[in-house]
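Here's the structure, in structure tokens; my notes come after.
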Amino acid sequence: MISIKSDKEIALMREPCAICRDTLLFVEKEIHAGMTTQQVDDLVYKYITSCGAIPTCKGYCGYPGSACVSVNEVVVHGIPGDRVIMDGDIVSVDITAGKNGYIGDACRTFCIGNVSEAARKLVRVTEECFFIGMQGVGPGTPLFDISAAVQKHAEENGFGVVRAYVGHGIGRDMHEDPSVPNYGRKGTGVRLKAGMTICVEPMITMGGWRTITDRKDGWTARTADGSWAAHYENTVLITPDGYEILTL
Ligand code: MF3
Ligand code: CO
Ligand code: CO
């Protein structure tokens, strides 16, 4: 069941979404080579809680971090820990904030210092995938038009589209219907309606689409081929005449 948010609910949802945006802007200023992924998580925890919000990732299905901090070949769900961020790395920081009974969810991939041209292109194209995916979206748009546009832009650039992880509806719960894959066929999927809130989150690799989950921690998802991956996510509201990005 895809929930339709009332104007009142949307007003409540704006705050956690704005907190996600501000947290990521803060992380962007602070993140640097030499930090551990745990130190990034500490920044996220402090910022979100200082806003009176809850980092809802913590404890979600037993997840230990406040953020997912995924370095290079880690696609998503990088558990914060001792890994030291190095010059030349790309680091995705995926966060959720809960406030007013609603949740916001956003992710950025940061380039640390002297990043290769190829990896910079990956990060840029992953962001472009989001915005190209959203082009022309509004009430009546078939959901998988977004998916198809994301996939097309990634593959045209020679990149892989992760299959095992997808975007999702969001609201009172972090993961609601519908699933929002980054691959699919134009003209298919449910038609979007005003008041739907969805997370669109391209996860793109420099190689193939296959991923493997770390068997010890049960979370860390790496590319099967070791290629680097980037992730970009916003919480989006479908409005009567288009859409609004709530986490930007
Ligand atoms: N923020 C992620 C998403 O985009 C989910 C995080 S999983 C958790 O859906 F376990 F870390 F919470
Ligand atoms: Co997220
Ligand atoms: Co999400």
Side-chain angles (χ1 to χ4, degrees), residues 2-3 13 16-25 27-28 37-38 40-45 47-49 53-71 74-81 83 91-99 102-110 123 126-127 129-130 133-134 143 146-147 150 161-183 196-204 211 213-214 216-222 229-238 243 245-248:
I2 305 176
S3 68
M13 202 160 156
C17 288
I19 292 168
C20 287
R21 171 199 63 206
D22 293 345
T23 304
L24 289 169
L25 288 170
V27 171
E28 183 173 30
T37 54
Q38 180 61 54
V40 175
D41 194 85
D42 293 344
L43 291 174
V44 168
Y45 179 83
Y47 196 95
I48 290 178
T49 54
I54 293 165
T56 59
C57 284
K58 210 181 213 15
Y60 178 83
C61 299
Y63 187 77
S66 295
C68 298
V69 186
S70 305
V71 182
V74 180
V75 183
V76 289
H77 302 166
I79 295 180
R83 183 166 179 168
V91 183
S92 81
V93 180
D94 185 2
I95 60 164
T96 57
K99 195 169 182 183
Y102 289 86
I103 296 178
D105 183 2
C107 174
R108 307 284 179 258
T109 299
F110 301 112
V123 172
T126 302
E127 288 188 21
C129 282
F130 172 89
M134 292 309 300
L143 176 64
I146 300 174
S147 316
V150 167
V161 175
V162 170
R163 306 295 154 96
Y165 302 91
V166 297
H168 49 90
I170 187 165
R172 288 197 161 276
D173 293 314
M174 187 158 86
H175 293 144
E176 298 185 355
D177 284 344
S179 286
V180 185
N182 294 304
Y183 53 93
M196 289 182 178
T197 44
I198 58 172
C199 288
V200 176
E201 46 181 315
M203 289 158 263
I204 307 298
T211 50
T213 309
D214 190 292
K216 284 197 212 110
D217 68 34
W219 283 100
T220 310
R222 294 184 173 79
H231 183 191
Y232 183 82
E233 173 177 28
N234 283 303
T235 300
V236 175
L237 166 69
I238 306 302
Y243 66 89
I245 302 171
L246 299 178
T247 49
L248 207 59

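Counting convention: from 1, in listed order, for ligands and their atoms alike.
When hydrogens are left out, the protein atom nearest atom 5 (C) of ligand 1 is His175 NE2, 3.8 Å; that is the closest non-hydrogen contact. Protein heavy atom closest to atom 11 (F) of ligand 1, with residue, atom name and distance, is Cys68 SG, 3.2 Å. Of all protein heavy atoms, the one closest to atom 3 (C) of ligand 1 is Asp105 OD2, 3.3 Å. For atom 7 (S) of ligand 1, the closest non-hydrogen atom on the protein side is His77 NE2, 3.7 Å. Asp94 OD2, 3.2 Å is the protein heavy atom nearest to atom 2 (C) of ligand 1.
Using a 3.5 Å distance cut-off with no hydrogens or angles, the side chains of Thr235 and Asp105 do not pair a donor with an acceptor.
If you look at Cys57 next to ligand 1, the close heavy atoms, those under 4.0 Å, come from the backbone and the side chain alike. Residue contacts with ligand 1 for Ile95 are absent, since no atom lies close enough (heavy atoms, distance under 4.0 Å).
Within the 4.5 Å cutoff, no side-chain heavy atoms of Glu201 are placed close to those of Cys107. The side-chain heavy atoms of Thr109 and Thr126, taken from C-beta on, include no pair separated by under 4.5 Å. Using a 4.5 Å heavy-atom threshold, the side chains of Val69 and Val91 count as touching. With a 4.5 Å cut-off on side-chain heavy atoms, Ile204 and Tyr232 do not count as touching. The shortest distance between side-chain heavy atoms of Thr49 and Pro55 falls below 4.5 Å. Using a 4.5 Å cut-off on side-chain heavy atoms (C-beta onward), Arg108 and Glu127 make no contact. Counting heavy atoms from C-beta outward, Ile146 and Met134 have side chains that approach closer than 4.5 Å. In this structure, the side chains of Arg83 and Val74 come closer than 4.5 Å at one or more pairs of heavy atoms.
The aromatic ring centroids of Tyr165 and His77 lie less than 6.0 Å from each other.
Within the 4.0 Å heavy-atom cutoff, Trp219 counts among the residues contacting ligand 1. Residue contact annotation: Cys199 has no non-hydrogen atom under 4.0 Å from ligand 1. Within the structure, ligand 1 lacks Lys58 among the residues with a heavy atom less than 4.0 angstrom away.
Checked by atom type and distance alone, the side chain of Asp217 pairs as donor or acceptor with a backbone atom of Trp219 at under 3.5 Å.
The ligand atoms of ligand 1 that sit less than 4.0 angstrom from a heavy atom of Thr96 are 1 (N). Remark: ligand 1 atoms within the under-4.0 Å shell around heavy atoms of Met174 are 12 (F). Set against the non-hydrogen atoms of Glu201, the atoms of ligand 1 under 4.0 Å away are 3 (C), 4 (O), 9 (O). Ligand 1 places these atoms under 4.0 Å from at least one heavy atom of Glu233: 4 (O).
Scanning all heavy atoms of the two residues, the minimum distance from Lys99 to Pro16 falls at O-CG, 3.6 Å.
Within 6.0 Å of OH on Tyr63 lie more than 12 heavy atoms contributed by other residues, nucleotides or ligands.
Not a single N or O atom of Tyr63, backbone or side chain, sits closer than 3.5 Å to an N or O atom of ligand 1. In terms of N/O distances under 3.5 Å, ligand 1 is not approached by His231.
Distances under 2.8 Å from the Co ion (ligand 3) pick out the protein N/O/S atoms Asp105 OD2, His168 NE2, Glu201 OE2, Glu233 OE2.
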